[in-house]
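Fair warning: this is a prediction, and the values are worked out from it, not measured in the lab.
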Amino acid sequence: MPPGGGGPMKDCEYSQISTHSSSPMESPHKKKIAARRKWEVFPGRNKFFCNGRIMMARQTGVFYLTLILILVTSGLFFAFDCPYLAVKLTPAIPVVGGILFFFVMGTLLRTSFSDPGVLPRATPDEAADLERQIERFDHHCPWVGNCVGKRNYRFFYMFILSLSFLTVFIFAFVITHVILRSQQTGFLNALKDSPASVLEAVVCFFSVWSIVGLSGFHTYLISSNQTTNEDIKGSWSNKRGKENYNPYSYGNIFTNCCVALCGPVSPSLIDRRGYIQPDTPQPAAPSNGMSAYGATPSQSDMCDQDQCIQSTKFVLQAAATPLLQSEPSLTSDELHLPGKPGLGTPCASLTLGQPTPPSSMPNLAAEAGLTDILPLKEEHVGHQFLTPEEAPSPPRLLAGSPLAHSRTVHVLGLASQDSLHEDSVRGLVKLSSV
Amino acid sequence: MATEVHNLQELRRSASLATKVFIQRDYSDGTICQFQTKFPPELDSRIERQLFEETVKTLNSFYAEAEKIGGSSYLEGCLACATAYFIFLCMETHYEKVLKKISRYIQEQNEKVFAPRGLLLTDPVERGMRVIEIAIYEDRCSSGSSSSGSSGSGSSAGGGGAGAR
């Protein structure tokens, strides 16, 4: 369907190509070896299971503990207490318990296995030092073995809420069971008859305080549309200044709750089950330069925190140097700020320079602050070069200055650009073996 | 219009990538997914301003629809919550449905509008929803034309003017 051209038509051989930008059919055809999926070369410290369907943080030990505690306690409850209570009181008890249990397990698995909102990275240079960056990062929860971010926050909240109910439920009915039995046979005999109840009571007693407290805390966070990270750092607190307010809040509690829990579920941006396309210029971790801070999934480990702080300094230096180097530029930390007042403060939570005290919150990565990426940072594709005046300075310095220009690429040259793409893809693949 | 006739089929084989333009996100309205409609200068000679803007505006409207917070999204959220999110195993979310619409739209735009002009849009979802990547292709076999497609004759952009050529 040639549009009319003014000049002479070139006599070219046109061959058919696919219009689809990424198709799994192509890569196995083009490569002699088996096509690899993107999760296999994902540059971040994550674990993948079930061929990329399940994504978790690196340390999953505590998650198994959580699973065992819940399964064992609930199992004991259904096996030992429910028969007695169903007969003595009402069969509704095991039914309600069953529903709660089902809810808890469903939400736990969803929270643990889903992508929290990881933002794709671009250049291979970052991958070595930095962890992943997560949209609307809340915190890393070792109990679920994953970070909690935008995409799985509602699952996490429903999990702790339903777990609160389940814990209270089991605790209450275990006590009831023991009391009813002791009315018949005396207290000590009752304990002897159902030893499981004792165990359950102990587990529940200790869990109730923390779980219910956590639920309450997150209810507060949701209603004010803050993340744990922001709350702990006091990003939107009045103590920082009279003008400080939370720009993400919708103003009323009901809307905030609805948005957090019932808002649209954004898709995973990392396409972990997609196939790697080596022939098209596409890095294994889909595209564009991310800025560089990561939330280490492992927290209280000082080494990780130090490493992350150093890596962010490294990025700062790299970002500050004028580009036009032979290798793909590191992520620029430019912050594309909405042009609203008071949005200088989002930068505060994003700052690189601010040393977040690692000791204060062991279960938060020290760099956690760095990963709260609202508003999303601008990223640049690896091969994109910035003119010196556009070379980014650390986001803190950009606070309050809205950058509203579109970023067009000043490409070095055709040949170098293509080879850079090749390099970045190979580099990324190589790094995965590190 | 460009003198070289471009068909989507030949772009990747016989054309070589000249440069890429990135349409960045527009955060002036907050963090919702929106792309800037400012016309990049590199495309000046390749495509009409209006066509480009229309494409970006349509994409923006799709994303707004996907992210819309209202009755139906609440209903979906509540239903999903009530089933402990198991329902997501069976049905796809509203957002995913809109994303499919978007990718069909981009495909169609590529075939009808962009490829004939030697351009190719990449779906933003493949770039982490950060940019709309527009690849500008040179025609390899146009040995005579040294250049950027707009070469010489290139007044591809019918845009204004009359093709004074």
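- In terms of non-hydrogen atom pairs under 4.5 Å with chain B, the most contact-rich of A:Ser268, A:Gly263, A:Cys258 is A:Cys258.
- Both the backbone and the side chain of B:Phe88 come within less than 4.5 Å of a heavy atom of chain A.
- At a 4.5 Å heavy-atom cutoff, the contact between B:Thr93 and chain A is made by side-chain atoms alone.
- Within the 4.5 Å cutoff, the side chain of B:His94 has no heavy atoms near those of the A:Pro264 side chain.
- Residue B:Ala80 does not touch chain A at all, counting heavy-atom pairs closer than 4.5 Å.
- Atom OH of residue A:Tyr157 and atom SG of residue B:Cys81 lie 10.0 Å apart, to the nearest 0.5 angstrom.
- For B:Gln50, the CD atom is loosely surrounded, since the number of other residues' heavy atoms within 6.0 Å does not exceed 12.
- Using a 4.5 Å cut-off between heavy atoms, B:Leu89 contacts chain A through both its backbone and its side chain.
- Within the 4.5 Å cutoff, no side-chain heavy atoms of B:Phe86 are placed close to those of A:Arg110.
- Sparse packing is recorded around NZ of B:Lys100, with 12 or fewer heavy atoms of other residues, nucleotides or ligands lying under 6.0 Å away.
- Proximity to chain A (any heavy atom under 4.5 Å) is shown, for B:Tyr74, by both the backbone and the side chain.
- Between A:Phe103 and B:Ala82 the shortest heavy-atom distance is CE1-O, 3.6 Å.
- Between B:Tyr63 atom OH and A:Ser266 atom OG the span is 12.0 Å, to the nearest 0.5 Å.
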